[in-house]
Amino acid sequence: MIRCPRGTRDFLPDEMERRRHYENVLRTVAGTFGFREIATPIFEEASLFVIKSGPNILDEIYAFKDKGDRDLALRPELTAPVVRMFVNGMSNEPRPLKLFYFGQCFRYERPQSGRYREFFQFGAEMIGNANAETDAEAIALAVSMIKALGLRKYKIRIGHIGILRNMLAEANVPQDGMQEILQKLDKKMYDEAGSLLRSAGVCDDSVKRIFETAGTTGGKEVLDKITDDAAAYMKEVMEILEAMNVTDAEIDLGVVRGLDYYTGMVFEAEAPSLGAEKQICGGGSYSLSELFGGEKVFSTGFAIGFDRILLAMEKEGQTFRNKGVDAYVVPVSDDVRLEAVKIASMLRSRGIVTDIDIMRRKMAKAMKHAASAGARYAVIIGKSELEENSVTVRNMETGDQRMIRLDELFGLFL
Ligand code: ATP
Ligand code: MG
């Protein structure tokens, strides 16, 4: 039997309805913040991702040659495609551009709970500004989206990549060694970070101070101890967030998301219920457009791991009720089938979710099917009732059954 490829999933109707519902919750929230949806291709030139993340990215993505010998890749994320789109045709639009997307991404990863080879990201990018308001807007949107979904337990941690970068620069760590150290600090791998720092010639005292800073967490007052413009900037971001009524975000200077294109504020959200794969959102301010052939424009964005956040909601015991069928039409005998079809069409034309027995089942079996389809009402079409312009409706929940005139049938579903 052929199965779907490793790391991919099929979504059955119940699950798909749930996913569509929550996607639309996110779309609505992004809309209320003035963001507009865009879409980009599923595959791009492989070089787009190499330019953004370096050649090693090719080991982690689905890269291939097409029949025209072009080097392409399935997108592993959408920030690079969105910025490419901006450079290609949106660079004259009024700024900031506020864009959001929902779509699948592909990464050649080892599949496990919350980690797939095909997964979905919901993300937002603001292109055109680098200031505290922009950063606060991005964080507030992410928090509002998480809240709107109904996730109860989550943590938002905000950092600033400049603070540790400045400390590393002051300790004379060469530019090309920084990224690896920052990545280790981000992952809280202090042993590895320590040996990298010492082999870069950093003294024990400085290593200690760097670790202390990377371990700084708490409310905005923890920034008071740090004399760096970046700390003052972060304080401003926190104050704006407070004014936006976002009070559950914490400072964590260990969040550095060790990639070169980040320019300042960086943030992450996690859902502790998920265990190892707990990160549900990541983002920050960055500058990429100049790498893709455009002018340099500061941007801020983030991506929510849609699959993980739904998994976290499940772990919290949240259930989703499918809408189900409003009316299930059952013709009692063959000679009323055409009338039954007409009645079903009438209900459908009024927007009532209507299903009809098309398997020519006997009455009892058809009623059983209506129950298993979760129908609210069975609409039973019998010859003698039709002669009085009536049908029988059964409330499938209570079992109550009564005759109703056809011209009143529609009102039942209001
Ligand atoms: P991780 O450290 O968990 O691999 P990441 O840093 O690679 O995450 P990003 O590139 O920032 O993740 O992507 C944003 C979000 O997308 C993550 O926070 C996560 O929720 C989700 N995500 C990333 N990779 C996967 C995957 N393979 N399967 C499902 N969700 C993923
Ligand atoms: Mg990853």
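Both counts, for ligands and for their atoms, begin at 1 and track the order of listing.
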- Measure from the ring center of Phe320 to the ring center of Tyr22 and say whether it is less than 6.0 Å.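 Yes; Tyr22 has its ring centre under 6.0 Å from that of Phe320.
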- Assert yes or no for the condition that the ring centre distance of Tyr377 to Phe413 is strictly below 6.0 Å.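 Centroid distance Tyr377-Phe413: below 6.0 Å, so yes.
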- Query: Which residue pairs pass the ring pair (Phe, Tyr, Trp, His ring centres under 6.0 Å) test when at least one of the two sits in residues 271-290, sequence neighbours left out?
  - Reply: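 Found none.
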- Show the protein residues that qualify under the rule heavy atom under 4.0 Å from an atom of ligand 1, listing them in chain and number order.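 Residues within 4.0 Å of ligand 1: Arg107, Glu109, Gly114, Arg115, Tyr116, Phe119, Gln121, Arg257, Gln279, Ile280, Cys281, Ala303, Gly305, Arg308.
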- Query: Can you name the residues that form a salt bridge (charged side-chain N to carboxylate O under 4.0 Å, His left out) with Glu250, not counting sequence neighbours?
  - Reply: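 So Glu250 forms no salt bridge (charged side-chain N to carboxylate O under 4.0 Å, His left out) with any residue.
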- Task: Only counting residues at least two apart or in another chain, list the ones meeting salt bridge (charged side-chain N to carboxylate O under 4.0 Å, His left out) with Glu170.
- Result: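 Checked Glu170 against salt bridge (charged side-chain N to carboxylate O under 4.0 Å, His left out); zero matches.
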- Query: Should the pair Arg19 and Phe120 be classed as cation-pi, given the thresholds of under 6.0 Å to the six-membered ring centre and 45° from the axis?
  - Reply: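 The answer is yes; both the distance and angle limits are met.
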